[in-house]
Peer 1: 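Would you mind keeping the following structure in view while I ask a few things?
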Amino acid sequence: MVNQDKIRQAVTLLLEGIGEDPNRPGLVETPDRIAKMYEEIFSGMEQDAAEHLTKTFPVQDNAMVLEKDITFYSTCEHHLMPFFGCAHIAYVPDGCVVGLSKLARTVEVFARRAQLQEQMGAQIADALMQHLQPKGVMVMLEAEHLCMTMRGVKKPGSRTISVVTRGVFAQDAELRQNFMLTVQR
Ligand code: ZN
């Protein structure tokens with residue numbers, strides 16, 4: 001549960017830490033604004049992907065389902081700076097599927113936390129494996145990390161790509177290739 005009081009106190013200290021006057025007119029409401037914003041951007045902490053993945057529909061044909069270009073915004077846990085981009089998610093059903101919007105909702109559950117890109121991909125894949133029990137899952141995330149592009153090595157626009165495979169996608173190179181071709185199309 002987000003504690004808005006603690007966030008307000010911390011932001012006031014942070015402003016003092018960078019040499020600012022937290023009482024000047026432009027900053028006086030900043031701690032409160034950030035506290036409210038954090039409640040939203042870290043709201044995934046209180047959510048469980050099971051809410052979105054337990055209502056399933058039976059299917060006859062177990063062909064790969066792929067949802068691509070799911071936009072997400074998350075926060076890097078090392079720097080508390082945004083990283084954002086898109087997720088591509090595929091699974092091979094084992095007799096049942098979920099509504100397509102539920103994949104995007106699952107991404108939101110894990111994006112709205114203090115997060116690492118690689119960890120987020122693994123959490124999405126594992127939630128799908130656990131709740132939907134498909135034959136396999138593949139998750140690819142492409143994101144720009146402001147902690148890399150705004151400071152440090154400063155390579156604006158560079159993107160980090162991470163891939164996670166589970167089940168049949170881990171075993172079958174042709175299936176992975178199929179995923180890549182469909183994502184790049
Ligand atoms: Zn970072």
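Note that ligands are numbered from 1 as they come in the structure, with each ligand's atoms numbered from 1 the same way.
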Peer 1: Confirm or rule out an N/O/S atom of C147, from backbone or side chain, lying less than 2.8 Å from the Zn ion (ligand 1).
Peer 2: yes
Peer 1: Tell me the angle that SG of C76 and ND1 of H79 form around the Zn ion (ligand 1), rounded to 10°.
Peer 2: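 That angle is 110°.
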Peer 1: As an exercise, state the distance from CG of L53 to CE of M129, rounded to the nearest 0.5 Å.
Peer 2: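 Reported to 0.5 Å precision, the distance equals 12.5 Å.
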Peer 1: Rounded to the nearest 0.5 Å, how far does CG of L175 lie from CE of M64?
Peer 2: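 So the gap between those two atoms works out to 6.0 Å.
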Peer 1: Going by an N to O cut-off under 4.0 Å, is there a salt bridge joining D5 and R8?
Peer 2: yes
Peer 1: Out of curiosity, L116 CG to F83 CZ, how far, rounded to the nearest 0.5 Å?
Peer 2: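 Rounded to the nearest 0.5 Å, the CG-CZ separation comes out at 7.0 Å.
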Peer 1: Check whether any N, O or S atom of H78, backbone or side chain, sits closer than 2.8 Å to the Zn ion (ligand 1).
Peer 2: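 No - counting backbone and side chain alike, H78 has no N, O or S atom under 2.8 Å.
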